[in-house]
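In what follows, a structure is listed as structure tokens, so that the remarks can point back to it.
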Protein chains: 2
Amino acid sequence: MTYEDAPEPLRALPSRMLSLLAMYADRLVSEGLAAEDARKWHYAALVALREHGPMSQAELSRRTGVYRSDMVAVVNELEERGHVERAPDPADRRRNVITMTTTGRRHLERLDELISGFQDDLLAPLTGPEREQFSALLARLLAHHSPRNTA
Amino acid sequence: MTYEDAPEPLRALPSRMLSLLAMYADRLVSEGLAAEDARKWHYAALVALREHGPMSQAELSRRTGVYRSDMVAVVNELEERGHVERAPDPADRRRNVITMTTTGRRHLERLDELISGFQDDLLAPLTGPEREQFSALLARLLAHHSPRNTA
DNA sequence: GCGGTTGCGTTAGTGAGACTAACGATGTAA
DNA sequence: TTACATCGTTAGTCTCACTAACGCAACCGC
């Protein structure tokens, strides 16, 4: 927060505005999810599981962008809460197969609603078309800077 | 990095795209500034000093958004490098007066160029009008969510 | 004058996130 | 079989935003 009086040249820097707004958005999401005893990586993992079915932690890691060393904790927490099950993969004994439970699926649906509400809060001052445009611009910038397209 | 295969519903979330892009932008700036032995808060502080002249650490903190506890280190580093001078304020002995040196001013001019280049890198895929629009949308979102306007 | 509050610089510490290194166990390929 | 890659896991680094508390100095009401 703060920055009330940031000098103009600073205030107008896209990189700075981006950091500031991202910080705000992150806080919005994190605090909102905390109310459901969830963290944003929980959401990312659950969405991946819904989209692609059961998978190993390493694959979950690749799909969500969470390091596999950090994914350990995420899966631990989801397992504790009964949202996923972790079982050794009989086909490849290095792997764990992570499967979403029914509880997990219900939980995810709840999170879907919350997350969607946060997007509305975030974009509140924009009109419908402006939101589309903002998202589209973000997507283009990301596409340009992500490893896949930059390489 | 990574996220190559993020499931669609995740990938399209504005809050997520924002975080990702901000991470990229931060890295761009931080690594670029490191080449000049600078950090982004150095830049913020120096810009504030140029705009408003000598001021206390607390005021610097308010103007840049850096906590005054963290501002101590920023001023230390700038002082070590000879970019600012720290002197007790005779008018108020609780305060330090931070003044930019000539060296600091030259350094800041160099940073100006670097920073401006990073903005270009960041916004590279967008056309001129698109950059304007993106900045304008960011500014509006920030204005809406910053404490001054939210209150 | 005095007492209470507020602001200052500083130190220390928290909690989260991104990221690296290395491990033992397992699988794959030369 | 030897060499290499992958997986889950532990541990640890660095940076950031943020809080708490400190001693000190200034200000306000009286």
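First the proteins, then the strands, lettered A, B, ... as listed; each starts at 1.
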Atom-pair distance ([atom1] on [X]; [atom2] on [N]), nearest Å:
{"X": "A:D70", "N": "D:dG12", "atom1": "CG", "atom2": "C1'", "value": "12 Å"}
{"X": "A:R16", "N": "D:dC16", "atom1": "CZ", "atom2": "P", "value": "13 Å"}
{"X": "B:R95", "N": "D:dA26", "atom1": "CZ", "atom2": "P", "value": "10 Å"}
{"X": "B:E79", "N": "C:dT10", "atom1": "CD", "atom2": "P", "value": "9 Å"}
{"X": "B:L20", "N": "C:dC19", "atom1": "CG", "atom2": "P", "value": "10 Å"}

Does OP1 or OP2 of [N] have a side-chain N or O of [X] closer than 4.0 Å?
{"X": "A:R86", "N": "D:dT9", "value": "yes"}
{"X": "A:N96", "N": "D:dT9", "value": "yes"}
{"X": "A:Y67", "N": "C:dA18", "value": "no"}
{"X": "B:Q57", "N": "C:dG7", "value": "no"}
{"X": "B:R62", "N": "C:dC8", "value": "yes"}
{"X": "B:R39", "N": "D:dC16", "value": "yes"}

Single hit among B:R50, B:R106, B:R105 for salt bridge (Lys or Arg N to Asp or Glu O under 4.0 Å) with B:D112 = B:R50
Give every pair of a protein N or O atom and an N or O atom of nucleotides 26-30 of chain C that lie under 3.5 Å apart, one pair per line with the distance.
residue: C:dT26; atom: OP1; partner: A:R93; partner atom: NH2; Å: 3.3
residue: C:dG27; atom: OP1; partner: A:R93; partner atom: N; Å: 2.7
residue: C:dG27; atom: OP2; partner: A:R93; partner atom: NH1; Å: 3.2

ask   = From the list C:dC8, C:dT20, C:dT10, which nucleotide is the closest neighbour of the side chain of B:A58?
value = C:dC8
request  = I would like to know whether A:Q57 and A:R86 meet side chain to side chain donor-acceptor pair (under 3.5 Å); could you show each step before the answer?
outcome  = CA-CA 9 Å; A:Q57 294 181 201; A:R86 182 198 252 134; 3.0 Å; yes
task = Quick one: label A:S30 by what it contacts on the DNA or RNA (base, sugar-phosphate, nothing), any heavy atom closer than 4.0 Å.
result = nothing
message = Would B:S56 and B:E59 count as a side chain to side chain donor-acceptor pair (under 3.5 Å) here? Give the steps.
response = CA-CA 5 Å; B:S56 71; B:E59 196 178 349; 4.5 Å; no
ask   = So does B:E79 have more than 12 non-hydrogen atoms from other groups sitting under 6.0 Å from CD?
value = yes
request  = For the pair A:E51 and A:R63, find out whether any cationic side-chain nitrogen is under 4.0 Å from an anionic carboxylate oxygen.
outcome  = no
